[in-house]
Amino acid sequence: MLNEINKTEQHLALIVQPLLAWYDANARILPWREQPTPYHVWISEIMLQQTRVEAVKPYFDRFIRTLPDIAALAHAPVEQLLKLWEGLGYYSRARNLQKAAGLMLDKYGGELPRSYEELRTLPGIGPYTAGAIASIAYGIPVPAVDGNVLRVVARLTACSEDIGKESVKKQMAGMLKQILPDDRTGDFNQALMELGAMICLPRGVAKCASCPVAGLCRARELDIVTTLPVKAAQKARRQEQKTVFVILAQGRVALKQRPAKGLLAGLWELPNENSCLTTAKAQELLALWGVRVDAIHKLPAAKHVFTHLEWQMTGYAVYAANCTAGLIWLKPEQLTENLALPTAFKPYTEQIGVLLATQH
DNA sequence: AAATCGGGGCG
DNA sequence: CGCCCAGATTT
């Protein structure tokens with residue numbers, strides 16, 4: 001067994017030089033590569049967790065302009081932070097970013113710590129991100145194993161094990177650590193990811209004809225590229241019914257803040273109920289909230305898909321006689337400028353302007 | 001080990 | 001519609 005790993009390692013070692021040469025010629029120009037300071041590398045790596053490069057680009061630029069350093073991040077109002085993160089998802093990433101910035105001020109002289117182990121202790125920094133920051137920002141020889149790397153290595157070595165298993169990730173990280181070129185650890189880690197993102201694409205669309213290490217790919221030899229990597233099928237999503245209210249009064253719309261924990265923690269939302277209500281039942285609930293209804297009409301149904309959850313939404317536009325206590329009433333521009341709203345409510349929030357302008 | 005936590009792009 | 005993305009944390 002150990003012998004098998006050694007053989008695989010010797011084989012993998014052959015990719016280092018051609019991969020680096022390919023990276024030198026083909027690396028994308030990305031905002032966080034322009035001035036790869038530890039702070040920039042850190043922010044980009046957190047944003048890139050489970051998120052595509054193209055989606056991150058505009059968020060990264062705006063974030064760095066607004067909060068250019070660790071101190072600015074640590075001292076930013078949390079509402080501003082969440083507004084900068086609005087639409088990017090996995091909002092605990094933003095909160096953890098700020099917690100970690102505080103720790104850097106308190107414990108690390110206002111800088112990122114310079115070792116894998118210390119980075120790993122900070123909130124939001126797991127095995128991948130610690131490896132990425134350590135290697136890219138500080139040249140420390142540690143691997144950075146993300147989804148791209150798992151796919152690339154699984155194919156190069158014709159590994160048919162489930163890449164979701166922790167044991168498989170550790171085995172690959174162990175092999176990569178042995179072959180890391182000491183003088184270019186950050187470039188090597190990025191080159192593996194870049195190859196996965198540009199050439200060694202998921203499913204049946206890998207561009208093997210353009211791959212700098214196609215001649216070293218066991219999966220290609222065996223003609224099993226499209227069957228790799230192997231991943232366990234994921235469970236079906238839980239379905240949830242929702243009734244969402246756009247409640248309007250005196251040129252304002254009613255909002256409320258979500259709980260501090262759980263899904264979309266602390267973000268703002270349109271008042272809603274976890275069931276599909278008829279107009280009559282909706283009126284009863286509104287009465288319970290103290291809303292005096294002048295007019296109510298149904299809005300189109302909408303759906304929002306999360307990773308493990310699906311909202312089937314029905315909506316009501318409600319013209320109210322009063323601005324009820326217990327709800328927060330805002331003018332449309334206050335809403336868009338200051339508060340972070342989840343994308344899930346977009347089908348309804350984007351109608352607020354028109355609904356306010358409509359006579360009822 | 002399994003569940004939770006967003007949102008979007010693409011075949 | 002299902003898969004996957006520069007994953008981490010909690011249970």
Side-chain angles (χ1 to χ4, degrees), chain A residues 27-28 30-33 36 40-60 82 85-97 99-100 119-137 143-152 162-169 173 186 188-198 200-206 226 228-238 258-259 261-267 269 303-311 340-347:
Chain A
R28 285 171 291 180
L30 299 173
W32 43 92
R33 287 179 177 164
H40 289 182
V41 172
W42 172 40
I43 301 299
S44 68
E45 290 300 342
I46 300 296
M47 286 186 170
L48 286 162
Q49 289 169 2
Q50 294 290 285
T51 309
R52 293 167 191 282
V53 164
E54 289 308 315
V56 167
K57 281 180 181 175
Y59 282 91
F60 176 81
L82 290 173
W85 213 266
E86 180 184 48
L88 201 51
Y90 290 142
Y91 297 91
S92 66
R93 291 185 293 177
R95 298 177 187 279
N96 283 335
L97 217 40
K99 283 184 200 163
L119 286 165
R120 183 66 187 78
T121 68
L122 294 170
I125 299 185
Y128 161 75
T129 306
I133 298 172
S135 63
I136 298 171
V145 181
D146 73 333
N148 287 312
V149 174
L150 287 170
R151 183 173 60 256
V152 169
D162 180 356
I163 61 166
K165 291 167 64 178
E166 208 54 42
S167 60
V168 175
K169 293 182 190 178
F188 178 73
N189 284 338
Q190 291 188 83
L192 271 178
M193 294 188 271
E194 194 88 354
L195 190 72
M198 306 297 294
C200 196
L201 300 171
R203 294 167 301 220
V205 289
T226 59
L228 296 178
V230 172
K231 284 181 81 170
Q234 56 194 51
K235 286 181 34 177
R237 270 186 291 271
R238 183 171 82 250
R258 292 183 60 83
K261 292 196 170 191
L263 185 69
L264 306 168
L267 273 66
E269 65 181 358
K303 180 175 75 168
H304 188 80
V305 179
F306 301 89
T307 301
H308 61 294
L309 182 66
E310 191 167 323
W311 282 353
L341 276 86
T343 304
F345 294 94
K346 202 168 180 182

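Below, read A as the first sequence line, B as the second, and so on, with proteins coming before strands; counting in each chain starts at 1.
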* To do: For C:dC5 and B:dG6, measure between their C1' atoms and round to the nearest Å.
  => 12 Å
* Interatomic distance, A:N189 atom CG to A:Y128 atom OH [nearest 0.5 angstrom] -> 8.0 Å
* How would you label the contact of A:L30 with the nucleic acid (heavy atoms, under 4.0 Å): base, sugar-phosphate, or nothing? -> base
* **Nearest-angstrom distance, C1' atom, B:dG11 to C:dA6** => 22 Å
* Determine the Euclidean distance between corresponding C1' atoms of B:dC5 and C:dC4; express it in Å to zero decimal places. => 16 Å
* To do: With sequence neighbours excluded, tell me which residues meet side chain to side chain contact (heavy atoms under 4.5 Å, CB included) with A:V305.
  => A:R237, A:K303, A:E310
* Between A:G124 and A:V53, which has a closest nucleotide on DNA chain C that is more 5'? -> A:V53
* **Length of the line joining A:L341:CG and B:dG7:C1', which is rounded to integer Å** => 15 Å
* Specify the residue among A:R93 and A:S167 whose closest nucleotide of DNA chain B lies further upstream toward the 5′ end. => A:S167
* When we call it a touch if two heavy atoms are under 4.0 Å apart, what does A:F306 touch: a base, just sugar-phosphate, or nothing? -> sugar-phosphate
* Below 3.5 Å, does any donor atom in the side chain of A:T51 face an acceptor in the base of B:dG8, or the other way round? -> no
* Asked: Within the structure shown, what part of the strands sits under 4.0 Å from A:T129 by heavy-atom distance: base, sugar-phosphate, or nothing?
  -> sugar-phosphate
* Using a heavy-atom cut-off of under 4.0 Å over every strand shown, decide if A:W32 touches base, sugar-phosphate, or nothing. => base
* Interatomic distance where CZ belongs to A:R258 and C1' belongs to B:dC5 [whole Å] -> 12 Å
* Which whole-number value in Å describes the distance from A:L267 CG to B:dG6 P? -> 8 Å
* Asked: Roughly, in whole Å, what's the span from CD in A:E86 to P in B:dG8?
  -> 11 Å
* **Residue closer to the 5' end of DNA chain B, A:Y91 versus A:K165 (nearest nucleotide)** => A:K165
* Sugar-phosphate, base or nothing in reach of A:E194, heavy atoms under 4.0 Å -> base
* To do: Pick base, sugar-phosphate or nothing for A:L309, based on heavy-atom distances below 4.0 Å to the nucleic acid.
  => nothing
* To do: For A:A206, check side chain to side chain contact (heavy atoms under 4.5 Å, CB included) against everything at least two apart and list the hits.
  => A:R155, A:C208, A:V225
* Looking for any heavy atom pair under 4.0 Å, which part of the strands does A:T343 touch: base, sugar-phosphate only, or nothing? -> sugar-phosphate
* To do: Look at A:H308 and B:dC5 and indicate whether a side-chain polar atom (N or O) is within less than 4.0 Å of OP1 or OP2.
  => yes
* Determine the contact category for A:G196: base if any of its heavy atoms lies under 4.0 Å from a base atom, sugar-phosphate if only primed atoms, P, OP1 or OP2 are that close, otherwise nothing. => nothing
* Asked: A:L97 has an atom CG; how far is it from atom P of B:dC5, in whole Å?
  -> 20 Å
* Asked: Between A:R203 (CZ) and B:dG9 (P), how many Å, whole number?
  -> 14 Å
* With a 4.0 Å cut-off on heavy atoms, is A:R33 in touch with a base, just the backbone sugar-phosphate, or nothing at all? -> base
* Checking all strands, does A:G204 fall into the base, sugar-phosphate, or nothing category for heavy-atom contacts under 4.0 angstrom? -> nothing
* To do: Describe the nucleic acid contact of A:I46 in one word from base, sugar-phosphate, nothing, applying a heavy-atom distance below 4.0 Å.
  => nothing
* May I ask you to decide if the ring planes of A:H304 and A:W311 are parallel, tilted or perpendicular, using 30° and 60° as cut-offs? => tilted
* Give a yes/no on whether any side-chain N or O of A:H304 is located under 4.0 angstrom from OP1 or OP2 of B:dG6. => no
* Nucleotide range of DNA chain C contacted by chain A, 5' to 3', under 4.0 Å to a heavy atom? -> C:dC1 to C:dT9
* Asked: How many angstroms lie between NZ in A:K57 and CG in A:L48, if you round to the nearest 0.5 Å?
  -> 11.0 Å
* Asked: Out of curiosity, A:L122 CG to A:W42 CH2, how far, rounded to the nearest 0.5 Å?
  -> 7.5 Å
* To do: Looking at every strand, decide which applies to A:K261 at a 4.0 Å heavy-atom threshold: base, sugar-phosphate, or nothing.
  => nothing
* To the nearest 0.5 Å, tell me how far A:N96 CG sits from A:Q49 CD. => 9.0 Å
* To do: Determine the interatomic distance between P on C:dA8 and the same-named atom on B:dG8; round to the nearest Å.
  => 22 Å
* Going by atom types alone, do A:N148 and A:R151 pair a side-chain donor with an acceptor below 3.5 Å? -> yes
* Ring centers of A:F306, A:H308 separated by less than 6.0 Å -> no
* Check every strand shown and say whether A:R151 touches a base, only sugar-phosphate, or nothing at a heavy-atom separation below 4.0 Å. => sugar-phosphate
* To do: Whole angstrom is fine here: how far is it from CH2 in A:W85 over to P in B:dG6?
  => 12 Å
